[in-house]
Amino acid sequence: MEVVTVDIGGTHARFAVAEVAEGRVVSISEPVTQKVAEHPSLQLAWQAFGETLGRPLPKAAAIAVASPVGGEVIKLTNNPWIIRPALIPERLGADTWTMVNDFAAIGHAVAQLGDDDFLHLCGPEMPLPDRG
């Protein structure tokens, strides 16, 4: 399954397409970085990303934002964009989507890494637990 991945910060929004299989990212395209100030909204930045790909965007999205994600209206920190989650399917054309805080996205990404991706610094040398 292909998923449009988006990381929205205060200055830049980064877009890429990830291939996901069995709940894990198996590949991801080179990210396209856009300046937030050059796009009045997420919808217009999304459309600009689609134009750079030159093909229809996948119908799934994973969006990380520098902001709390609860509520009907999300006002991003240090960014003028306002996101109304209920309008994501209509505005972005995404049939399935998820939105998380950018720090939560980092936590999810770390959980995808294998034991070889970590460097032991101190304490007992043992693999990280699967849970907790």
Undergrad: Just distance, no hydrogens or angles: give the donor-acceptor pairs under 3.5 Å from side chains in residues 51-58, sequence neighbours left out.
TA:
| unit_1 | atom_1 | unit_2 | atom_2 | d |
| --- | --- | --- | --- | --- |
| Thr52 | OG1 | Phe49 | O | 2.6 |
| Arg55 | NH1 | Glu2 | OE1 | 3.3 |
| Arg55 | NH2 | Glu2 | OE2 | 3.3 |

Undergrad: Measure the shortest side-chain to side-chain distance between Val20 and Val26 over non-hydrogen atoms and say whether it is less than 4.5 angstrom.
TA: no
Undergrad: Check whether Asp117 reaches the backbone of Gly114 with its side chain - one donor and one acceptor, N or O, closer than 3.5 Å.
TA: yes
Undergrad: Members other than Leu44 in its cluster, when Ile, Leu, Val, Met, Phe, Trp, Tyr link by side-chain heavy atoms under 4.5 Å?
TA: none
Undergrad: May I have the list of side-chain donor-acceptor pairs in residues 10-17 shorter than 3.5 Å, sequence neighbours left out?
TA:
none

Undergrad: Check which hydrophobic residues are tied to Val73 through side-chain heavy-atom contacts below 4.5 Å, counting indirect links as well, and list them.
TA: Ile82
Undergrad: Provide the full list of salt bridge (charged side-chain N to carboxylate O under 4.0 Å, His left out) pairs with a residue in residues 76-87, sequence neighbours left out, each pair given once.
TA: none
Undergrad: Specify the closest pair of heavy atoms between Ala62 and Val3, including all atoms of both residues, with the distance to one decimal.
TA: N-CG1, 3.6 Å
Undergrad: According to ring pair (Phe, Tyr, Trp, His ring centres under 6.0 Å), does anything in residues 63-118 pair up with another residue at least two apart or in another chain? List the pairs.
TA: none
Undergrad: Only pairs at least two apart or in different chains count here, so list each side-chain hydrogen bond (donor to acceptor under 3.5 Å, both in side chains) that has a residue in residues 26-43.
TA: Gln34-His39
Undergrad: Which pairs, with at least one residue in residues 86-106 and sequence neighbours excluded, count as a salt bridge (charged side-chain N to carboxylate O under 4.0 Å, His left out)?
TA: none
Undergrad: Looking at Met1, is its backbone amide N or carbonyl O close enough to the side chain of Glu19 to form a donor-acceptor pair, meaning the two atoms are under 3.5 Å apart?
TA: yes
